Amino acid sequence: MSKKYLITTALAYTNGPLHLGHVRSTYIPADVMRRYLKLIGKEVIHIGGTDNHGVPITLTAEKEGVSPEDIVNKYHNEIKRDLDSLSIEFNSYGKTHSDIHIKTAQEFYLKLKDNGYIYEKDIEQFYCSRCNKFLADRYVEGICPHCSGEARGDHCEVCGRHLEPTELINPYCVNCGSTPEIRKTTHRFFRLSALSKDLMEYIKNSNIPDYVKNMAYRWIEELHDWDISRDMDWGVPLPDDKNQVMYVWLEAPIGYISFTKMLGDIWRDYWLNDGSKDVKIWHFIGKDIAIHHSVFWPGMLMAHEEYSLPSSVISGGYLTLEGKKMSTSKRWVVWVEDFIKYFDPDYLRYFLMINAPLNKDCDFSFDEFQKRINTELIAIIGNFTHRTIVFTHRKFKGIVKVDEDNLKEEDLKLINKCKETVKEYHNHIINFNFKDALMDIIHLAKEGNNYFQRMEPWTVKDEERLREILYTCLLTVKYIIYLLYPFMPNKCRELLNQMNEELDLNIRESGLKKPTVVFKKIEDRDIELAKKEILNIENEDNINKLKDKGNKNKDKEYKKDKENRRNTMDTITIEDFAKLDLRIAQILEAQEIPKSKKLLKLIVDIGDEKRQVVAGIKGHYTPEDLIGKKIVVLCNLKPAKLCGVESQGMILAGGEETVALLVPDRDIPVGSKIQ
RNA sequence: AGCGGGGUAGGGUAGCCAGGCCGAUCCCGCCGGGCUCAUAACCCGGAGAUCCGAAGUUCAAAUCUUCGCCCCGCUACCA
């Protein structure tokens, strides 16, 4: 094994906080690895940060009427807070919108230029004269010339064909709807194609997982040069043309280097490739950016010539939520911030790592989460550690130590199992098989339980023998804590604290604190509550299950709880109410949104302007019913996109099975304020 | 549509690349028994799988080949 390790995690994009998918595919595995390497005495640093440039951030900023910096700072802080809340630790955590990064990226660019990898070429791009800017591919939509379907930028949504954006029929700017013109502009290109042989060789010899390799090979077969400049002003300015910025995918990965530089001169030990270094660079990422990290980024590093190439790219699979694809816009997502209000962060770390092998897609479901925690972690591992500590405390008030030479065969058998488990676990971790590593711990705890059962320490009268048995159990507990620590650092610290012990594989004779339950069960009610409040669903099945159990008290409690929550949520002041801009509006147009089950798109007159509002009343009202109706609209609701359609307000309606719109019972003018 | 992954007992999942050790692994669930130190936990035993379908290669296939069916993800902000 190498001595030094540089672990990086994908730079989070600062236009939203973190959700469970992010942490499962990237941050938790990286932190587990980091903690493990540190535990076995390696020099390891974890470098991360946020990616702050690119078009989506400028759009969000425009929408919210603030500067891109404001958006970046807001989400940078939220993302870091989420990472902290899960005990994901960094040696350095930076921002790409920072002096050190901009300087590093510009130097990198100039080096590529000096080495002959950058050239200029005129290209044609859409330019929106109303928005006054060049439009990135995905901000132009139009009709596909092949199938007449709806196409976006360089890709047809209907037939799936790749298009040149300029081929689009009736193109329009997604932002303002006007027809963009084609303008010439001079872009910088990175001579990636010159590197295809070297890249092929590099990938073949690297430790990148096979399926990433396969993807990369296919990519390299048709390697094009890379357009690396953009006509906009939010980003890292090109050092040789201040009117353009670097394409984010060129600039962002350089952040791994910039943020290492934040640690001072030691950055050279990790990045400079002078042939003498024994450093492994591991990039933890989500599978969507595997190509960037296995082809583009190594290509950049090769062209630069001074830096080490990644040793491996660890590409995490995707997470679905309750069997369905996550979607931030459809709000089918669990944010880290919300999750940890209900459950222990260490439980999340455990679950996400044991649920499936890292490279596979898998599902997060609240029921599965509860089951795994209660029946595996708590019933097997937690039970063994707890029964050992409680029993020892009762008998001896402290940790007992004995001479290992006197131990019996059955004792040594368990201790041997501990030692074997350490080896197996090690192999699993360094091969990124986190699930298997956790299974090793479960198996060890099962052996522990088995031993405890067979030895029946509660019947043993001979004190010396009892000490031996408990010593064997306590030692096994220490092994379990040691191995579990990278996954559940806080719970393990708690256990060690109770035992008055250190994080290692020995035990000392010392006093035990009065044991308390460290791994607490997840109750059905917590799961129901979380489902309801996080996912916004009431799971009738599970509520029924509670009833079926005949546990009337629980049922009553649950109902009471529910009512309490309703009541506490209700009281607001008149000032709160005054924040709502509610007005009488008239529906001018209404049409169905084809892709959706519930939504109608309405154009409403709110007095001084017309608004597009999306309403979830399809099936309850037909578009014809609605036109001309006067209704109530909440006008100052933050705009949102539903099923891809912008909604600039909310109409008021009530009811569940039968839905009714709120309408004024006398005729009053459009635009009248509700108060 | 293209690309990637996958279909193994009630639910998850290992094995498949390097065919025989597979009369198929492990975790949960289920059934029976035991124990009472422990968070209704723990321990022992058991039942339960035409390894998606069809054809082929082979002395031998869950594992290789071909065809078909089905699921999921990516290709669009997003790991």
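As the structure is a prediction and not an experimental result, all values here were calculated from the model. Numbered from 1 within each chain, the chains take letters A, B, ... in sequence-line order.
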*Quickly work out the A:L438 CG to B:A14 P distance and round it to whole Å.*
15 Å
*asked:* I'd like the P distance from B:U65 over to B:U57, given in whole Å.
replied: 15 Å
*Which one is paired to B:U13, where only Watson-Crick or G-U wobble pairs with both distances under 3.5 angstrom count?*
none
*asked:* Counting primed atoms plus P, OP1 and OP2 as sugar-phosphate and everything else as base, spell out the protein contacts along nucleotides 36-41 of chain B at 4.0 Å heavy-atom distance: B, S or - for each nucleotide, 5' to 3'.
replied: SBBB-S
*asked:* Both distances below 3.5 Å, Watson-Crick or wobble geometry, any strand: find the nucleotide opposite B:U65.
replied: B:A55
*Select base, sugar-phosphate, or nothing to describe what A:L319 touches, counting heavy atoms under 4.0 Å on all strands.*
base
_Just the rounded figure in Å: distance from C1' of B:G12 to CG of A:D367._
14 Å
*Base, sugar-phosphate, or nothing for A:N15, non-hydrogen atoms under 4.0 angstrom?*
sugar-phosphate
_Validation row, ring centre A:F296 to ring centre A:W249 under 6.0 Å_ = no
*How is A:G316 classified with respect to the nucleic acid when contacts are heavy atoms under 4.0 Å: base, sugar-phosphate, or nothing?*
nothing
*Most 5' of A:A445 and A:C362 on RNA chain B, judged by nearest nucleotide*: A:C362
*Under 3.5 Å, is there a donor-acceptor pair linking the side chains of A:Q498 and A:T516?*
yes
*Any idea which heavy atoms bring A:L319 and A:D363 closest together, and the distance?*
CD1-C, 4.0 Å
*Send over the distance from A:N359 CG to B:G73 C1', rounded to a whole Å.*
13 Å
*asked:* Parallel, tilted or perpendicular, judged at 30° and 60°: which one describes the rings of A:F452 and A:F391?
replied: perpendicular
*Nucleotide opposite B:C21 in a Watson-Crick or G-U pair, distances under 3.5 Å*: none
*Can you figure out which of B:A14, B:G73, B:C27 approaches the side chain of A:P357 most closely?*
B:A14
*Is the A:Y93 to A:H76 ring centre distance short of 6.0 Å?*
yes
*Between B:G73, B:G29, B:C77, which nucleotide has the shortest distance from any of its atoms to the side chain of A:T375?*
B:G29
*asked:* Would you say the rings of A:F351 and A:Y347 are close, in the sense that their centroids are separated by under 6.0 Å?
replied: no
*Atom-to-atom span, CG of A:D361 to C1' of B:C72 - whole angstrom*: 7 Å
*asked:* Between B:A47 and B:G32, how many Å separate the two P atoms, rounded to a whole number?
replied: 15 Å
*Can you tell me the pairing partner of B:A47 across any strand shown, Watson-Crick or G-U wobble, with both distances under 3.5 angstrom?*
none
*Looking at the side chain of A:H19, which of B:C27, B:C43, B:C78 is the nearest nucleotide?*
B:C78
_Value in whole Å for how far the C1' atom of B:C74 lies from CD1 of A:I285_ = 13 Å
*Send over the distance from A:E322 CD to B:G73 P, rounded to a whole Å.*
14 Å
*asked:* Check the phosphate of B:A14 against A:K360, side-chain N and O only, distance under 4.0 Å to OP1 or OP2. Yes or no?
replied: yes
*Separation between the C1' atoms of B:C21 and B:U25, rounded to whole Å*: 14 Å
*asked:* Would you measure the distance from the C1' atom in B:G48 across to the matching atom in B:A55 and give it in whole Å?
replied: 30 Å
_For atom CZ of A:F364 and atom P of B:G73, their distance in whole Å_ = 17 Å
_Donor-acceptor side-chain pairing of A:N450 and A:R454 below 3.5 angstrom_ = yes
*On RNA chain B, nearest-nucleotide positions of A:D436 versus A:S25: which is more 5'?*
A:D436
*Scan side-chain atoms only and decide if A:T421 and A:D440 contain a donor-acceptor pair under the 3.5 Å cut-off.*
no
*Phosphate oxygens OP1/OP2 of B:C27: is one of them under 4.0 Å from a side-chain N or O of A:K435?*
no
*How far does the P atom of B:C26 sit from the matching atom of B:C67, given to the nearest Å?*
36 Å
_Nearest-angstrom distance, P atom, B:U8 to B:C72_ = 14 Å
_Listed partners of A:Y350 passing side chain to side chain donor-acceptor pair (under 3.5 Å), at least two apart_ = A:E376
*Distance between the P atoms of B:C42 and B:G5, in whole angstroms?*
38 Å
*Distance between C1' atoms of B:A60 and B:G20 (Å, rounded)*: 6 Å
*Is the closest side-chain donor-acceptor distance between A:Y75 and A:N52 under 3.5 Å?*
no
*Across all strands, who's sitting opposite B:G2 as a Watson-Crick or G-U wobble pair, both distances under 3.5 Å?*
B:C74
*Rounded interatomic separation in angstrom, taking CG from A:D363 and P from B:G6*: 18 Å
